[in-house]
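Working notes for the structure below.
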Amino acid sequence: MDIILVAGLWMGGWAWYEVAPALERAGHRPVPLTLPGMESADADRSRIQLADHVEAVVAAIDAAPGEQVILVGHSAGAGIVYAAADARPDRVARLILIGGFPTADGDPLLRGYEPRGADLPLPDWADFDEADLRDLGDGGMTAFRAYAVPSPAGVVTGIQHLHDDRRHDIPVTAVASEYSVADLQSWIAAGAEPVQEFTRLTDVTYVDLPTGHWPQLTQPHELARVILAQPPLGDGTIQREAETISAAAFHASAGVEDWRVLYWGAHAFFRADSLSHGARLVAAIVAIAEEQGHFPDIDLRPEGVFVKSFSRRDGGLSRADAELAASVSRAARELGLEADPSALTVIGIAVAQGPEAHVRPFWTAALGYEPLGADDAVDPLRRNPHVWFHPLEPAKSGRGRTHVDISVPRDQVDARVAAALAAGGRLADDSHAPEWWTLTSPDNHGVDILAWTDDSDDTR
């Protein structure tokens, strides 16, 4: 089924860069729209009105090959897709409104914004509530601002015009992100004007997705699961990710003494006498994984076996990782393989970017990587170092720089820093110790050696 995706202010089709592939993998045809005037900062927005955005969505509905489509509207896009559904009520199977409301006939699309001439630029971050910015982070804010395009004033101040009451019978899913479902329902009950169109709808499902105002950036895979769960795409059951635990909680679990929490998961290395010796452990791990339904990454070498367990693409851990880790360690002991934490190192490349640059698309394409969250690019098969993108500090337009991040176990970090210094390195900054130390090589290339992941209380 076609799933037409309409983002809110300052965004185009690019905003769904992680959501759309997840929908496609599930067998559907995502259609991320870039509405008129949102093609680039240089586009002429002086004549663009709300009706132009609505007509663009209607055109996408008309172009869809199937009998019906799903319309997904985020923020201001919620009012736009609602008007498109009013124009084609027979073609819309469901409306999914994310962090936005169905704008009633005769109401302005938005209140409280003051465009500058023909444009409404992305405001300063200080103008947003803390709840809006939740989970976005510095990297996400930098990327968002780099991609952001001013929204047309004629859209922001436009008046909604609706004509067909059949829109009230289209099933609607309201996804609450920076506010809760309880908040939304209390606003409806209190008669708050922007949400009163909900009272005219005959079939509304309310879903909590706790994050900031831009879940397609901050929780894209969870948002995709919410979308895919809605009928007729799914049966209403949202396949939530496993509840994550912190590194500290992982280490508090029984039987995980061989393991260390580095970048992208819990890691262990078991030394073997030969390739065949290590292969016996691999076979045992495969059996454990099949039995437990939880599947680690395994790297067999003549020297031994590296194992990494994780529950989310970003390396988040759950109780399943602790259970698998304990089982793998037991199997290793039975086969006579000993754990060697000193062999554990995970490398990352940190790319700083200036305030006007956003270089992740280049690096992602050049490396054959995939974007992850707001800040990272990763090897889809998890073989090679990740790349992390962050603001250049101090900001220098047109310039960038890189450094290497080295994630090591907490009980190995002092020895690693000492070895680097003994080999000619210079301690450039230890103000963040014991989280990480910044060193430079004799020719002044930067390296961060860090251990904070191994005992963090953070569950994200």
Side-chain angles (χ1 to χ4, degrees), residues 6-15 33-57 73-84 97-134 136 138 140-162 174 176-179 183-184 187-188 190-198 211-218 355-356 358 395:
V6 179
L9 299 180
W10 315 297
M11 291 177 146
W14 62 266
L33 296 185
T34 296
L35 299 177
M38 301 304 296
E39 300 88 353
S40 73
D42 298 328
D44 181 7
R45 285 172 283 276
S46 61
R47 299 177 183 273
I48 306 263
Q49 301 298 316
L50 175 57
D52 297 308
H53 280 198
V54 175
E55 288 172 9
V57 180
H74 161 253
S75 189
I80 293 170
V81 301
Y82 189 59
L97 310 181
I98 304 162
F101 314 133
T103 307
D105 181 49
D107 283 357
L109 181 69
L110 294 168
R111 294 177 171 87
Y113 287 103
E114 296 183 5
R116 303 175 192 169
D119 294 346
L120 177 66
L122 176 63
D124 292 336
W125 296 119
D127 294 338
F128 292 95
D129 292 335
E130 184 177 343
D132 293 329
L133 303 177
R134 179 181 173 186
L136 192 57
D138 290 340
M141 287 188 281
T142 299
F144 188 178
R145 191 165 294 279
Y147 274 119
V149 171
S151 291
V155 174
V156 175
T157 61
I159 301 299
Q160 184 85 300
H161 295 292
L162 305 174
S177 51
E178 75 272 23
Y179 51 85
D183 291 332
L184 175 56
W187 300 333
I188 296 169
E193 188 174 358
V195 296
Q196 287 312 295
E197 190 70 6
F198 279 113
T211 185
H213 184 60
W214 298 279
Q216 65 269 69
L217 302 183
T218 57
E356 312 233 331
H358 182 52

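Numbering starts at 1 and runs along the sequence shown. Just so it is clear, the values below take in all heavy atoms, side chains as well, and ignore hydrogens, waters and symmetry mates.
In this pair, F144 and W125 present their aromatic rings tilted. The plane angle is within the 30 to 60° band.
Remark: the Y82 side chain and the Q160 side chain contain no N/O donor-acceptor pair separated by less than 3.5 Å. Defined by atom type and a distance below 3.5 Å, a donor-acceptor pair is present between the side-chain atoms of S46 and D44.
Side chain of W10 to backbone of L120: a donor-acceptor contact under 3.5 angstrom is found. For H74 (side chain) and I98 (main-chain N/O), no donor-acceptor pair under 3.5 Å exists by modelled atom type. Remark: side-chain polar atoms of T34 are not paired, donor with acceptor, to backbone N or O of E39 under 3.5 angstrom. T211 contributes no side-chain N or O that, together with a main-chain N or O of S177, makes up a donor-acceptor pair within less than 3.5 Å. Here the side chain of R45 pairs no donor or acceptor atom with the backbone of D119 at under 3.5 angstrom.
The CG atom of D132 lies 6.5 Å from the CZ atom of F128; values are rounded to the nearest 0.5 Å.
The ring pair (Phe, Tyr, Trp, His ring centres under 6.0 Å) search around F198 returns none, not counting sequence neighbours. Taking R111 as the reference, D107, P108, E193, P194 meet the side chain to side chain contact (heavy atoms under 4.5 Å, CB included) condition, with sequence neighbours excluded.
The shortest non-hydrogen separation linking L50 to G158 is CD2-C, 3.9 Å. Of all heavy-atom pairs spanning A7 and Q216, the tightest one is CB-NE2, 4.0 Å.
Put simply, the side chain of L110 reaches to within 4.5 Å of the side chain of L9, judged on heavy atoms.
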